[in-house]
> 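Sharing a structure below in structure tokens format, with a few things to ask.
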Amino acid sequence: MNLGILVSGRGSNLQAIIDAVEGGRLESKISLVISDREGVQAIERCIRHGLAYRFIRRKDFGSREEFEQSMVQALKEANVELVVLAGFMRVLSSTFLQSFPMRVINIHPSITPAFQGLKAQRQAIEYGSRITGCTVHFVTEELDNGPVIAQACVPVLPEDTEESLSERILSYEHRILPQAIKWLSEGRVKVYGRQVVVEGARYGTLPFNPDLEDF
Ligand code: GRF
């Protein structure tokens, strides 16, 4: 499956996908990486691993629609079949989403629908949650709230800072995201309204539900 990955920053989730592909655990191709920001670590990773990348910046376009159309065109030219938002800091409108119906996924650092939007880890600490986690979900026009493919739960410790909790959650993100991509590439992800079922996956254990198979 041809992947298009959208990034805005550090790109550690991009790196997890690169490692899965290079390690032979994920039979997909990273066809294009798009960053809406220059000078980010994610692009250094592309250069290091010889991946095609493009900068497409909002400020170079008169409207959000033109900006999104430009990304769609670049992704279509690269024959992208699945778009992965890996730390992409913008909300996509129907202009983009209708070009890839149920073919855009996102990783979010909370158990959705808790703590949507920015700084989900800080929100969990401030709320006093004792369990939080991460979610891979389909992207819809509602922010961080599309049908859930997979979630992992992660404990919040009394001494946690935003940084320590973010780091703990991130190690789980790096596992569920490539796994979800693999399930999608295998055609095992079935969507029934808001319910998503991964065919043949094992449900009912924690911290991952469904349980991971390859990561
Ligand atoms: C991750 O915590 C992800 O869940 C959120 O943004 C962060 C991106 O980190 N959407 P990275 O750029 O993948 O390192």
> Quick check: does any side chain N or O of Y203 sit under 3.5 Å from a backbone N or O of V198, one acting as donor and the other as acceptor?
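Yes, because the side chain of Y203 sits within donor-acceptor range (under 3.5 Å) of the backbone of V198.
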> Surrounding CD1 of I131 (heavy atoms of other residues, nucleotides or ligands, distance under 6.0 Å), is the total greater than 12?
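Atom CD1 in I131 is not packed in, count stays at 12 or less.
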> With no hydrogens and no angle check, is any side-chain donor or acceptor of R175 less than 3.5 Å from a backbone partner on L212?
no
> So, T135 side chain and S110 main chain: donor-acceptor pair closer than 3.5 Å or not?
yes
> Where is the tightest heavy-atom contact between A20 and P178, given as atom of each residue plus distance?
CB-CB, 4.0 Å
> Main chain of M89, side chain of S8: is a donor-acceptor contact present, judged purely on distance under 3.5 Å?
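Yes.
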> Out of R25, K182, R202, R188, which residue meets the salt bridge (Lys or Arg N to Asp or Glu O under 4.0 Å) rule with E213?
R188
> Find out whether N209 and Q151 are in side-chain contact, i.e. whether some heavy atom of one side chain is under 4.5 Å from a heavy atom of the other.
no
> Report, as yes or no, whether the 6.0 Å neighbourhood of atom CD on E186 holds more than 12 heavy atoms from other residues, nucleotides or ligands.
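Enclosed: over 12 neighbouring heavy atoms sit under 6.0 Å from CD of E186.
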> Within the structure provided, determine whether Q121 and I169 are in side-chain contact (heavy-atom separation under 4.5 Å).
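Touching, per the 4.5 Å side-chain cut-off.
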> Testing the 3.5 Å rule here: is there a donor-acceptor pair between the side chains of W183 and E199?
no
> For residues S35 and Y53, determine if any side-chain heavy atom of one lies less than 4.5 Å from a side-chain heavy atom of the other.
no
> Using the rule that Ile, Leu, Val, Met, Phe, Trp and Tyr join whenever any side-chain heavy atoms are under 4.5 Å apart, tell me whether L177 and L85 fall into a single cluster.
no
> At their closest point, which heavy atom of A201 faces which heavy atom of P210, and how far apart are they?
CB-CB, 3.8 Å
> Can you confirm whether Q195 is buried at CD, in the sense that more than 12 heavy atoms of other residues, nucleotides or ligands lie under 6.0 Å from that atom?
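Counting neighbours around CD of Q195, 12 or fewer heavy atoms of other residues, nucleotides or ligands fall under 6.0 Å, so no.
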> Any salt bridge between K119 and E126, counting N to O under 4.0 Å?
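E126 and K119: not salt-bridged.
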> Run the side chain to side chain contact (heavy atoms under 4.5 Å, CB included) check on L165 and V156 step by step: do they pass?
CA-CA 7 Å; L165 179 60; V156 184; 4.2 Å; yes
> What do you reckon, is CD of E162 surrounded by more than 12 foreign heavy atoms closer than 6.0 Å?
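Counting neighbours around CD of E162, more than 12 heavy atoms of other residues, nucleotides or ligands fall under 6.0 Å, so yes.
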> Using the ring of F67 (Phe, Tyr or Trp, six-membered ring only), decide whether R90 places NZ or CZ under 6.0 Å from its centre and within 45 degrees of its axis.
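Verdict for F67: a cation-pi partner in R90.
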> Spell out, as yes or no, whether a donor-acceptor pair under 3.5 Å connects the side chain of S129 to the backbone of T132.
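Not confirmed, S129 side chain does not pair with T132 backbone.
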> So, does Q123 use its side chain to make a donor-acceptor pair with the main chain of L118 at under 3.5 Å?
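Such a contact is found between Q123 side chain and L118 backbone.
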> Is there a path of hydrophobic side-chain contacts, each under 4.5 Å between heavy atoms of I/L/V/M/F/W/Y residues, joining V80 to L92?
yes
> What is the minimum heavy-atom distance between E141 and S93, and which atoms define it?
CG-C, 4.4 Å
> Distance alone, cut at 3.5 Å: any donor-acceptor contact between the side chains of H174 and S12?
yes
> Would you indicate whether Y127, at its atom OH, is surrounded by more than 12 heavy atoms from other residues, nucleotides or ligands within a distance under 6.0 Å?
no
> Are F88 and V136 linked, directly or through intermediate hydrophobic residues, by side-chain heavy-atom contacts shorter than 4.5 Å (ILVMFWY only)?
no
> Out of curiosity, L82 CG to I105 CD1, how far, rounded to the nearest 0.5 Å?
5.0 Å
> Using 0.5 Å steps for rounding, measure from the CZ atom of R103 to the CG atom of L184.
5.5 Å
> Check whether more than 12 heavy atoms from other residues, nucleotides or ligands sit under 6.0 Å from atom CD of E167, and answer yes or no.
no
> Would you call the rings of H137 and H108 parallel, tilted or perpendicular if under 30° counts as parallel and over 60° as perpendicular?
perpendicular
> Between L97 and F61, is there shared hydrophobic-cluster membership here, with clusters defined by ILVMFWY side-chain heavy atoms closer than 4.5 Å?
yes
> Around atom CD1 of I47, are there more than 12 heavy atoms of other residues, nucleotides or ligands at under 6.0 Å?
yes
> How far apart are the closest heavy atoms of S28 and V21, and which atoms are they?
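Distance-wise, the nearest heavy atoms are O-CG1, 3.4 Å.
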> Atom OG in S99, atom CD in Q73: separation rounded to 0.5 Å?
11.0 Å
> Please test R10 against L170 for side chain to side chain contact (heavy atoms under 4.5 Å, CB included), starting from the C-alpha separation and ending with a verdict.
CA-CA 12 Å; R10 178 179 53 188; L170 205 55; 3.5 Å; yes
> Taking atom types as modelled, find out whether H49 and Q15 have a side-chain donor-acceptor pair closer than 3.5 angstrom.
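Side chains of H49 and Q15: pair found under 3.5 Å.
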> Where is the tightest heavy-atom contact between A180 and I149, given as atom of each residue plus distance?
CB-CG2, 4.2 Å
> Starting at CD1 of I176, measure out to CG of N13 and round the result to the nearest 0.5 Å.
9.0 Å
> I'd like to check K190 versus V196 (side-chain heavy atoms, cut-off strictly below 4.5 Å). Are they in contact?
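K190 does not reach V196 side chain to side chain.
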> At what distance, to the nearest 0.5 angstrom, does CG of L75 lie from CZ of R54?
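It is 9.0 Å, given to the nearest 0.5 Å.
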> Atom CE in M102, atom OG1 in T140: separation rounded to 0.5 Å?
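Reported to 0.5 Å precision, the distance equals 8.0 Å.
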> Do I5 and I34 have side-chain heavy atoms sitting under 4.5 Å apart?
no
> Indicate yes or no: at least one non-hydrogen side-chain atom of D214 is less than 4.5 angstrom from one of Q179.
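Touching, per the 4.5 Å side-chain cut-off.
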> Given the rule that I, L, V, M, F, W and Y join up when any side-chain heavy atoms are under 4.5 Å apart, are V104 and L14 in one cluster?
no
> Backbone N or O of F96 within a donor-acceptor pair of the E68 side chain at under 3.5 Å?
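Present.
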> Is it the case that the side chain of R37 and the backbone of G9 share a donor-acceptor pair, with hydrogens and angles ignored and the cut-off at 3.5 Å?
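Judged by distance alone, no pair lies under 3.5 Å.
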> Are D160 and I125 close enough that some pair of their side-chain heavy atoms sits under 4.5 Å apart?
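Yes, side chains in contact.
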> Any non-hydrogen side-chain atom of R57 less than 4.5 Å from a side-chain atom of D36?
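Counting from C-beta outward, R57 and D36 never come under 4.5 Å.
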> Considering residues, nucleotides and ligands other than R194, do more than 12 of their heavy atoms fall under 6.0 Å from its CZ?
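Correct, the count exceeds 12.
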> For the residue pair E81 and N2, what are the closest heavy atoms and their distance?
OE1-N, 2.5 Å
